[in-house]
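We use all heavy atoms of the structure for the numbers below, so side chains are in, but hydrogens, waters and symmetry mates are not. Position 1 is the first residue of the sequence, and the numbers go up from there. Nothing here was measured: the structure is a model prediction, and the numbers come from that model.
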Amino acid sequence: EKVSIEALDPAGAGLARSSLGETRVIGGLPGDVVSALFVSTPGRPPRAIAERILSPSADRRDPPCPIVGECGACPWMALSDAAQSEWKTEIAARALDGIARVRPIHTSPHLVQYRNRTVLPVERHRGRIRIGYYRPRTHEVVDVAWCSVLAAPLQRAFEAVRQAIEIARPSAYDERWRHGVLRRVALRAGVRTDDLLVTLVSPKEGAEELGRLVDSLKELLDTDASIAVNIQPSAGNAVFGSKTRVVSGRGFVRERIRGRSVHLAATTFFQLNTDVAETLFERVLELAGDLQGARAADLYAGIGLVGLDLADAGADEVTIVERAEASLEEARRLADGNTKIRILEGDAATVLPTVGPLDIAITDPPRRGLGDDGVEAILANPPARIVHIACDISAMARDLLALTAGPYRVEGDVELFDMLPQTAHLEAVAVLVRE
């Protein structure tokens, strides 16, 4: 069916009116006229694929990547940079309509070669291993030789991994039959230090062929690069298992953020765009306001960088709450000797009732948002001020609605940060004050 793409949805797909009603058109950009192939099942919202571009949008460009359309990692690569910023702002404004105003998005200083981490699935195909990203809507791996959004150190590591796989020829993990030793490869870089960490994810320990791959990597990588093996035996999409063993090097990358040297191990959480993360942290501290003598909490804190900033800016007592052990380990190292900081392990919704009265809380929950439990915990012990960070604008809308139904109002505009250019992803920051 011939349809005209009118807008984009929060997941990045085009929106068009078709004979079936409003339809998500994957691969369509606003202004495109496309031939749409419907792929939705009966009883589900209409969904289609842009099978052929009949008339391209004025915002469509030659993408800076040779495999756009095959690889599902960067669905907006064919959309101009200016249009990406405009549509991210528009999508956020629509999601928060009637709740809060939004400002135009803070752009990333690097629109390609910005990612400090990637996870690459592998599979065997016709006798050789493919390594790259999944084809859209499948678990079929697109073999990738070069990725335009990886920071330069990661691209070097990727090339070394491909060579090592050709030399060692490990067996690729098969999801259906659950055999093979190499499931995926995770790459992490300190973009300001050039440190590298390669993590091989395997369903089992001690495989001789995995040892051969490690030996090949040692020869091909920089001498100070780190190599780790993570054991993930479970079925499903979880990237990492609970056990990681360092087999070469430090086992982490060093990165410099806001004057601090941080250590990021294989499973430590950190934002994927170092420059935008630093801008975000700086703005969060500014939005926190006057901190002199304050009692503060950094909830869902990761490695606790915002909490450390609060203490440096004058807060008397800062509670850092995090549940992931790898992130907690680094938070403890960074806070060592800082008498203003206490670190509590656990889910923020469970731990918050034990924290006591707060002047300010920084909330940075996972993609699903605060959820009912998180909102209830906040409303049971409402801080005077909240700086709320969200990586999903729909989740932010739900959380702001729930909090403003209680004792809070949104102060000022929601600010947006383009954490992942070439995708629909954005981060948003809102300030709430207790009335």
Do the non-hydrogen side-chain atoms of [X] and [Y] ever get within less than 4.5 Å of each other?
X: Asp364; Y: Gln271; value: yes
X: Leu264; Y: Arg117; value: no
X: Leu182; Y: Ile165; value: yes
X: Leu120; Y: Val161; value: no
X: Lys243; Y: Asn230; value: no
X: Val141; Y: Tyr134; value: yes
X: Ile389; Y: Tyr300; value: no
X: Ile393; Y: Arg94; value: no

So does [X] have more than 12 non-hydrogen atoms from other groups sitting under 6.0 Å from [atom1]?
X: Asp224; atom1: CG; answer: yes
X: Glu411; atom1: CD; answer: yes
X: Glu208; atom1: CD; answer: no

Is there a side chain to side chain contact (heavy atoms under 4.5 Å, CB included) between Asp81 and Gln422? Walk through the geometry before answering.
CA-CA 8 Å; Asp81 296 326; Gln422 320 307 332; 3.8 Å; yes
Looking at every non-hydrogen atom in both residues, tell me the closest pair between [X] and [Y] and how far apart they are.
X: Gly369; Y: Asp399; answer: CA-OD2, 3.5 Å
X: Lys218; Y: Ser248; answer: CE-CB, 3.8 Å
X: Ala235; Y: Arg178; answer: N-NH2, 3.8 Å
X: Ala348; Y: Val321; answer: CA-CG1, 3.8 Å
X: Lys340; Y: Ala311; answer: NZ-O, 3.1 Å
X: Pro170; Y: Ile129; answer: O-CD1, 3.0 Å

Distance (rounded to the nearest 0.5 Å) between [X] [atom1] and [Y] [atom2]:
X: Leu217; Y: Ile227; atom1: CG; atom2: CD1; answer: 5.0 Å
X: Leu352; Y: Asn381; atom1: CG; atom2: CG; answer: 5.0 Å
X: Asp298; Y: Leu344; atom1: CG; atom2: CG; answer: 11.5 Å
X: Arg323; Y: Glu345; atom1: CZ; atom2: CD; answer: 9.5 Å
X: Arg101; Y: Leu96; atom1: CZ; atom2: CG; answer: 11.5 Å
X: Leu213; Y: Ser171; atom1: CG; atom2: OG; answer: 10.5 Å

Taking [Y]'s backbone N and O only, do any of them form a donor-acceptor pair with [X]'s side chain (distance below 3.5 Å, no angle check)?
X: Arg183; Y: Gln232; result: yes
X: Gln84; Y: Pro421; result: no
X: Arg188; Y: Ala265; result: yes
X: Asp359; Y: Ala384; result: no
X: Arg385; Y: Leu287; result: yes
X: Asp195; Y: Arg254; result: yes
X: Glu322; Y: Gly302; result: yes
X: Arg61; Y: Pro63; result: no
X: Glu255; Y: Val262; result: no
X: Lys88; Y: Thr423; result: yes

Derivation of the side chain to side chain contact (heavy atoms under 4.5 Å, CB included) call for Asp309 and Glu282
CA-CA 9 Å; Asp309 281 346; Glu282 290 170 353; over 6 Å; no
For Arg260 and Asp312, what are the C-alpha separation, side-chain angles and deciding distance, and is it a salt bridge (Lys or Arg N to Asp or Glu O under 4.0 Å)?
CA-CA 12 Å; Arg260 294 185 172 89; Asp312 289 350; 2.4 Å; yes
Applying side chain to side chain contact (heavy atoms under 4.5 Å, CB included), run through Asp275 and Asn273 and close with a yes or a no.
CA-CA 6 Å; Asp275 290 328; Asn273 188 324; 3.9 Å; yes
I would like to know whether Glu286 and Arg283 meet salt bridge (Lys or Arg N to Asp or Glu O under 4.0 Å); could you show each step before the answer?
CA-CA 5 Å; Glu286 291 168 354; Arg283 190 64 185 132; 2.8 Å; yes
Would you please say whether a donor-acceptor pair under 3.5 Å links the side chains of Asp32 and Ser57?
no
Start with the C-alpha gap between Arg333 and Glu330, add the side-chain angles, then the distance that decides, and say whether salt bridge (Lys or Arg N to Asp or Glu O under 4.0 Å) holds.
CA-CA 5 Å; Arg333 189 191 71 83; Glu330 177 60 7; 2.9 Å; yes
Walk me through it: do Val276 and Asp418 pass the test side chain to side chain contact (heavy atoms under 4.5 Å, CB included)?
CA-CA 7 Å; Val276 175; Asp418 194 359; 5.7 Å; no
Run the salt bridge (Lys or Arg N to Asp or Glu O under 4.0 Å) test on Glu278 and Arg256 for me, step by step, so that the C-alpha distance in whole Å, both residues' side-chain angles and the decisive distance to 0.1 Å come before the verdict.
CA-CA 10 Å; Glu278 188 161 66; Arg256 293 191 295 272; over 6 Å; no
